[in-house]
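Right, one structure below, let's go through it.
Just so you know, residue 1 is the first one in the sequence shown, and it goes up from there. Values below: all heavy atoms of this structure, side chains included; hydrogens, waters and symmetry mates excluded. Here the structure is a predicted model, which is why all the values come from computation and not from measurement.
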Amino acid sequence: MGASRMIGPIRSFRQDASVLKQKVKPGTAKRTILFATPYARLLAFFLAVVVVDAAIGIANPFIYRDIINNGILKGNSHLIVQLALLVAVLAVFDAALGLTQSYFSAKIGSRIVLSLRVKLFDHIQQMPLAFFTRTQTGSLVSRLNNDVSGAQSAFTDILSNVVGNLITSAVIIAAMFALSWQITLLALVLLPVFIFPARFWGHKLQSITRESYDLTASMNNLMVERFNVAGAQLAKLFGRRQDESKSFEAKASRVSDIAVKRSIYGRLFFTVLALMAYCATALAYGWGGVLAVHHKLDVGTVVALVSLLARLYAPLMGLSNIQVSVMTALVSFERVFEVLDLPPMIREKPGAVAIPPGPAKISFDQVSFRYPSAAEVSLASLESVAVPDKLPEKTVLHEITFTAEPGQLLALVGPSGAGKTTITQLVPRLYDVQSGAVKVNDLDVRDAKLASLHQRIGVVTQEAHLFHDTIRENLLYAKPDATDAEINEALRAAQILPLVSSLPKGLDTLVGERGYRFSGGEKQRLAIARLLLKAPDIVILDEATAHLDSESEAAIQKAFEVALAGRTSIVIAHRLSTILKADQILVVQEGRIVERGIHAELIEEQGLYANLYQRQFAEAAQTVS
């Protein structure tokens, strides 16, 4: 029995049998098949290749029979040479068909998975912000990588092992019955004796493989946590380098040990299969030889039967684990379908209207809002700690009403947790309101095309996010067709062009993970440059200068003067000195607007705003003294 024929069955026995305990939703198999229907022609060609390959596989034993019976025993050397050449030619065709079979099964699986992966990524991109605030990033990445890849390998296994083995086994058994029904029955009777030891070692391999995956995942998690910038910085600050190395060595050692164990058990598994195959071959030769001695069977037929028998056990053994292969595929696909079936809360209405560029008016009309529950936006399997929400739903905004006219600067102030950021997140429709309406130019944002809404709005948050890419690519994210001249103009307006120009690689400088190569103020100015490049009609600044030093804040304030000029702006201010010239100031407390007006008016009212301002003024005076 060739080693190459054993690879498929061994891989099928390594699959986790615990998958059989899981239940898949009705219709999962049908949906899985639907993903394969666009590749019906490829599947038909694949099946044709499998049939031809199986036919060639049984042709060689019959040729061996003729070589012995009509060539060797009759002294026909010419026939022997011809048939030997035919065996060689068929071997070449058999190898080519084997490669073709593997190619098409992998190609079909890869195409299906590509379609599935792209569809899943696009669907996740449509999910609301609330979805990402609850789900674990690693779980999402696992769905795109591990589960989709698992679906691919399982689907490919079904094609190459299940379908291929069914056809191959049927053809071989039919050929063996045609040669000798007695030896064929013996081979089938011995099948349980052959499979049970294989299944025993297969279960051992499954548990070892599962343990190997868990240990490798634990080691990888340690590396991911320690190799990102924040984790590396924490380890250095606490002087834990040696402890971290010991911890990693312990985990890596366990991975190494389990790899040795897995290799040994894999070899034992292969050895058991080979021994059982040799025993079956010995019995076939023994009984067939006896029949040949008594002239009930010719010698060539005995050799042909043994050759067919050597080809039979591997596909039959593979079919013995068919349930695990099928269930592995269905479970992998179901985990992907689970995410695809979660509808995005924020969806564009049919017949949505585009918001044209130009001066923009923002208005809130009796807006009340609560954050969606986990059941509305998330899946328990995607959350690191999933527990039912037992707290009553809490309304965080109550009947918010205001209007920001085109070109006006509207400031939101108030204590932490008052609802200021929530108000700004409703404008770009990161969330939908429960009652009332948020409007841009008198158009309800729920009736607007999402692309046009997001194109009109630019946001700079307290923690400016930069991708681990070059400065150029981070800025082009706002305007992919921007020229270098436009980029430099945006950098100049953001008060950071001299810094970028002084870098050895200029715009092609990598910013590092989350922009860690730059200071907080520099990242903020790059974020402002990105906003200016986008040139939105509405600007939202969410405490963009809260944690900056006075020098960085002064530079950013200059950049803001350019960014806000002529644009409708909503600014959440931590330092009230930055919004003294606001056209309108809203004081938010516990989800309600409790005061509104300009700075001078609010100071005269001696309310919450005046208290906040006087407290900051007193703190600033103490700092100076």
Check: Ile457 main-chain N/O paired with Lys534 side-chain donor or acceptor under 3.5 Å: yes

Smallest separation among heavy atoms of Leu342 and Met127, with atom names: CD2-CE, 3.5 Å

Sequence neighbours excluded - ring pair (Phe, Tyr, Trp, His ring centres under 6.0 Å) pairs with any residue from residues 406-430: none

Contact list for residues 489-500, test salt bridge (Lys or Arg N to Asp or Glu O under 4.0 Å), sequence neighbours left out: Glu489-Arg492

Heavy-atom closest contact (Ile355 atom, Leu453 atom, distance): CD1-CD1, 3.7 Å

Distance in Å, Leu412 CG paired with Ile572 CD1, rounded so as to fall on 0.5 Å steps: 5.5 Å

4.5 Å side-chain heavy-atom contact, Leu116 and Leu340: yes

Exam field: side chain Glu601 to backbone Ile598, donor-acceptor pair closer than 3.5 Å: yes

Shortest non-hydrogen contact from Val445 toward Arg429: O-CD, 3.8 Å

Inter- and intrachain pairs under ring pair (Phe, Tyr, Trp, His ring centres under 6.0 Å), touching residues 339-365, at least two apart: Phe364-Phe402

Short side-chain to backbone donor-acceptor contact, Lys420 and Pro415, under 3.5 Å: yes

Residues which pass salt bridge (Lys or Arg N to Asp or Glu O under 4.0 Å) with Arg472, listed by chain and number, not counting sequence neighbours: Asp484, Asp508

Contacts of Tyr431 that satisfy ring-ring contact (aromatic ring centres under 6.0 Å, His included) - sequence neighbours left out: Phe369, Tyr371

Steps toward side-chain contact (heavy atoms from CB on, under 4.5 Å) verdict (Asn488, Leu497): CA-CA 7 Å; Asn488 287 331; Leu497 180 60; 3.8 Å; yes

Listed once per pair and sorted, the side-chain hydrogen bond (donor to acceptor under 3.5 Å, both in side chains) pairs that draw on residues 339-353, sequence neighbours left out: Arg31-Asp341, Lys349-Asp447

Taking every non-hydrogen atom, the tightest pair across Ile538 and Ala360: CG1-CB, 3.6 Å

Which residues share a side-chain hydrogen bond (donor to acceptor under 3.5 Å, both in side chains) with Lys479, sequence neighbours left out: Glu486

Point-to-point distance, once rounded to the nearest 0.5 Å, from OH of Tyr613 to CG of Leu608: 15.0 Å

From Ile585 atom CD1 to Leu580 atom CG, the distance as rounded to the nearest 0.5 Å: 7.5 Å

Side chain Thr461, main chain Asp542, donor-acceptor under 3.5 Å: no

Test item: Glu595 side-chain N/O and Leu602 main-chain N/O as donor-acceptor pair under 3.5 Å: no

Contacts of Glu590 that satisfy salt bridge (Lys or Arg N to Asp or Glu O under 4.0 Å) - sequence neighbours left out: none

Test item: Gln408 side-chain N/O and Glu405 main-chain N/O as donor-acceptor pair under 3.5 Å: yes

Stepwise side-chain contact (heavy atoms from CB on, under 4.5 Å) test for Ile423 and Val367: CA-CA 9 Å; Ile423 291 173; Val367 168; over 6 Å; no

Backbone of Ala354 reached by a side-chain donor or acceptor of Ser452 within 3.5 Å: no

Identified side-chain contact (heavy atoms from CB on, under 4.5 Å) partner of Leu410 from the options Ile362, Leu586, Thr403: Leu586

Pro536 to Gly458 - nearest heavy-atom pair and separation: CB-N, 3.4 Å

Backbone of Val339 reached by a side-chain donor or acceptor of His123 within 3.5 Å: yes

Separation between NE2 of His398 and CZ of Arg592, rounded to the nearest 0.5 Å: 4.0 Å

Side-chain donor-acceptor pair present, Thr401, Gln366, cut-off under 3.5 Å: yes

Side chain Ser501, main chain Pro498, donor-acceptor under 3.5 Å: no

Verdict with supporting geometry, Thr424 and Thr421, side-chain contact (heavy atoms from CB on, under 4.5 Å): CA-CA 5 Å; Thr424 63; Thr421 297; 4.2 Å; yes

Check: Gln455 side chain, Leu450 main-chain N or O, donor-acceptor pair, under 3.5 Å: no

ring-ring contact (aromatic ring centres under 6.0 Å, His included) involving His454 - partner list, sequence neighbours excluded: none

Partners passing salt bridge (Lys or Arg N to Asp or Glu O under 4.0 Å) against Asp122 (at least two apart in sequence or in another chain): none

Check ion pair Arg567-Asp537 (N to O, under 4.0 angstrom): no

Partner residues of Tyr477 under the ring-ring contact (aromatic ring centres under 6.0 Å, His included) criterion, sequence neighbours left out: Phe467

Results of salt bridge (Lys or Arg N to Asp or Glu O under 4.0 Å) for Lys439 - residues two or more places apart only: none

From CA spacing to verdict: salt bridge (charged side-chain N to carboxylate O under 4.0 Å, His left out), Arg446, Asp432: CA-CA 8 Å; Arg446 291 169 293 189; Asp432 273 342; 5.3 Å; no

Audit row: Leu541, Ile570, side-chain contact (heavy atoms from CB on, under 4.5 Å) steps and yes/no: CA-CA 6 Å; Leu541 304 178; Ile570 298 179; over 6 Å; no

Nearest atoms (heavy-atom pairs only) where Ser368 meets Val433: O-CB, 3.9 Å

